[in-house]
Amino acid sequence: MMKTITKRIAALGLASAMALGCAVTGFAGEWKHDGIGWWYQKDDDTYMNNTFWTDENGYTYYFTGKGYMVTGWKEIQNVWYYFDETTGAMWKGGATPDGNWVGADGAWVH
């Protein structure tokens with residue numbers, strides 16, 4: 001009898017955790033492109049500017065004051081970061097294409 005109650009409580013806990021996981025709000029918006037570059041437009045028609053943003057897949061991007069995604073090396077608040085030339089995603093924890101190293105946080109390791 002006690003095993004049955006324990007199993008039911010465990011199943012209820014698992015179901016609750018799964019339901020909460022499904023209730024998490026997803027990222028909304030879409031990538032846009034023009035003759036200057038790429039930007040991410042949110043559902044409220046605003047866009048990121050002068051900020052880092054990490055998408056639902058864990059990729060981190062940086063957007064300029066005009067809202068465009070950065071590529072290549074970029075100094076941000078006295079720290080250098082490398083953003084992939086094609087995707088714009090920040091490189092973290094390893095060597096960049098030009099042989100420099102960045103830490104787990106993406107900052108250039110001198």
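In this text the structure is predicted, and so the values were computed from the model without any measurement.
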- Query: If you round to the nearest 0.5 Å, how far is NE2 of H33 from CE of M69?
  - Reply: 8.0 Å

Taking all non-hydrogen atoms of both residues into account, name the closest pair between [X] and [Y] and its distance.
X    : Y    : result
D105 : M90  : O-SD, 3.6 Å
D84  : T86  : OD2-N, 2.9 Å
N78  : E75  : CA-OE2, 3.5 Å
V109 : G103 : CG2-N, 3.5 Å
D44  : T46  : OD1-OG1, 2.5 Å

- side chain to side chain contact (heavy atoms under 4.5 Å, CB included) between T87 and Y59: does it pass, once the steps are laid out? CA-CA 10 Å; T87 66; Y59 296 108; over 6 Å; no

Could you tabulate the donor-acceptor pairs under 3.5 Å formed by side-chain atoms of residues 93-101, not counting sequence neighbours?
| residue | atom | partner | partner atom | Å |
| --- | --- | --- | --- | --- |
| T96 | OG1 | D98 | OD1 | 2.4 |
| T96 | OG1 | N100 | N | 3.2 |
| T96 | OG1 | N100 | O | 3.2 |
| D98 | OD1 | N100 | N | 3.3 |
| D98 | OD1 | N100 | ND2 | 3.1 |
| D98 | OD2 | W73 | NE1 | 2.7 |
| D98 | OD2 | N100 | ND2 | 3.3 |
| N100 | OD1 | W108 | NE1 | 3.3 |

- Task: For the residue pair W53 and F63, categorise the inter-ring angle as parallel (less than 30°), tilted (30 to 60°) or perpendicular (more than 60°).
- Result: tilted

- Side chain to side chain, T64 and W39, heavy atoms closer than 4.5 Å: no

- Item | ILVMFWY network linking W91 to V79, side-chain heavy atoms under 4.5 angstrom | no

- Co-membership, hydrophobic cluster, residues M48 and W38, 4.5 Å side-chain: yes

- Message: Between N50 and Y62, is the side chain to side chain contact (heavy atoms under 4.5 Å, CB included) condition met? List the steps.
- Response: CA-CA 7 Å; N50 286 328; Y62 187 79; 4.0 Å; yes

- Could you go step by step and tell me if Y47 and K32 meet the side chain to side chain contact (heavy atoms under 4.5 Å, CB included) rule? CA-CA 10 Å; Y47 53 89; K32 302 270 187 155; over 6 Å; no

- Query: Y61 pairs by side-chain contact (heavy atoms from CB on, under 4.5 Å) with which of F52, W31, Y40, F83?
  - Reply: W31

- Query: Within a radius of less than 6.0 Å around NZ of K42, do more than 12 heavy atoms belonging to other residues, nucleotides or ligands occur?
  - Reply: yes

